[in-house]
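Some notes on the structure that comes next.
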Amino acid sequence: VPIDEKHPLRAQSQYDATKVAADQLAYSYYASFQTPVVIVRPFNTYGPRQSMRAVIPTIIAQALAGDRLKLGSLTPVRDFLSVKDTARGFLAAATAGEAVLGEVLNLGTGTGVTVGEVVDRGYIVPPISAGSTGVMRMMRKGACGVFTTRSVQTVVPALTYDATRI
């Protein structure tokens with residue numbers, strides 16, 4: 001964090017490679033046939049029914065079991081995004097209109113949190129709610145959390161969350 005849309009795509013697993021390939025295939029249809037495509041890349045989504053291989057369910061399961069936490073490195077920084085907010089972001093991108101066609105949009109909160117902070121503070125970014133103070137934004141061509149292109153900023157509404165619930 002921050003990672004912009006121009007960050008090199010370097011697959012480190014077969015799963016990663018399929019995501020890169022899907023982005024490229026979708027873009028090729030936009031470039032060749034003007035198929036309306038927006039590539040949305042959500043940052044670390046968490047929520048119900050998430051695989052137990054992910055860090056947040058692992059921490060929660062071990063804590064509920066009363067076990068001593070067994071984790072790898074506590075220093076990696078992630079931008080955690082609730083599955084509800086990820087869905088809202090996809091809907092906003094899908095309805096944003098022509099300003100975002102053919103573009104890559106990163107989706108995140110703009111707040112980096114280490115795995116250690118998740119453990120120490122129980123820090124998990126809550127789902128976005130109306131009338132709050134923090135801001136979750138989609139972005140392009142900049143650090144996650146800020147639109148840098150005015151035309152996109154005006155068509156995709158900013159969603160907010162209550163920072164006091166963290």
Side-chain angles (χ1 to χ4, degrees), residues 1-29 37-96 100 103-130 132 134-140 143-146 156 158-166:
V1 182
I3 295 175
D4 69 15
E5 292 77 3
K6 299 297 182 194
H7 193 81
L9 300 177
R10 300 211 172 136
Q12 297 180 353
S13 70
Q14 294 81 6
Y15 174 70
D16 295 346
T18 64
K19 293 189 333 183
V20 171
D23 282 4
Q24 294 300 306
L25 182 62
Y27 183 78
S28 75
Y29 272 82
V37 170
V38 179
I39 297 167
V40 179
R41 295 181 184 151
F43 286 19
N44 302 85
T45 300
Y46 71 91
R49 298 186 185 96
Q50 184 175 14
S51 167
M52 290 305 293
R53 296 179 307 176
V55 69
I56 290 177
T58 297
I59 292 167
I60 292 170
Q62 289 181 22
L64 289 174
D67 296 336
R68 182 169 187 230
L69 296 181
K70 299 174 190 131
L71 302 169
S73 174
L74 300 178
T75 59
V77 177
R78 300 289 181 258
D79 184 344
F80 291 108
L81 186 65
S82 99
V83 68
K84 289 180 180 182
D85 297 333
T86 299
R88 287 182 182 118
F90 271 90
L91 289 171
T95 59
V100 297
E103 296 291 332
V104 174
L105 302 175
N106 284 348
L107 183 60
T109 66
T111 303
V113 182
T114 68
V115 173
E117 288 173 312
V118 172
V119 173
D120 292 342
R121 295 194 241 157
Y123 180 91
I124 299 174
V125 177
I128 291 167
S129 63
S132 57
V135 177
M136 184 225 49
R137 302 176 189 101
M138 289 189 302
M139 55 69 82
R140 74 179 203 188
C144 187
V146 180
V156 180
L159 305 173
T160 60
Y161 69 89
D162 183 350
T164 62
R165 292 182 12 205
I166 297 175

Could you tell me which residues satisfy side chain to side chain contact (heavy atoms under 4.5 Å, CB included) with [X], sequence neighbours excluded, listed by chain and number?
| X | value |
| --- | --- |
| Thr75 | Ser73 |
| Val37 | Ala26, Tyr30, Thr35, Ile39 |
| Leu91 | none |

Checklist entry - Taking side chain as C-beta onward, heavy atoms only, is Gln24 less than 4.5 Å from Leu9? => result yes
Next on the checklist: Determine whether Val100 and Leu105 satisfy the following criterion, side chain to side chain contact (heavy atoms under 4.5 Å, CB included), listing intermediate values before the conclusion.
Outcome noted: CA-CA 8 Å; Val100 297; Leu105 302 175; 4.2 Å; yes
How many angstroms lie between [atom1] in [X] and [atom2] in [Y], if you round to the nearest 0.5 Å?
| X | Y | atom1 | atom2 | answer |
| --- | --- | --- | --- | --- |
| Asn106 | Phe43 | CG | CZ | 4.0 Å |
| Asp79 | Leu107 | CG | CG | 9.0 Å |
| Met52 | Gln62 | CE | CD | 8.0 Å |

Next on the checklist: Applying side chain to side chain donor-acceptor pair (under 3.5 Å), can you list everything that pairs with Arg53, at least two apart in sequence or on another chain?
Outcome noted: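 Ser51.
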Checklist entry - What residues form a side chain to side chain donor-acceptor pair (under 3.5 Å) with Thr45, not counting sequence neighbours? => result Thr86
Quick one: closest heavy-atom pair of [X] and [Y], and the distance?
| X | Y | answer |
| --- | --- | --- |
| Thr109 | Phe80 | CG2-O, 3.5 Å |
| Val40 | Ala93 | CG2-CB, 3.6 Å |
| Val83 | Pro48 | CG1-CD, 3.8 Å |

Item to check | Pairs meeting criterion salt bridge (charged side-chain N to carboxylate O under 4.0 Å, His left out) with involvement of residues 39-52, two or more places apart | outcome: Asp23-Arg41
Item to check | Backbone of Leu81 reached by a side-chain donor or acceptor of Asp85 within 3.5 Å | outcome: no
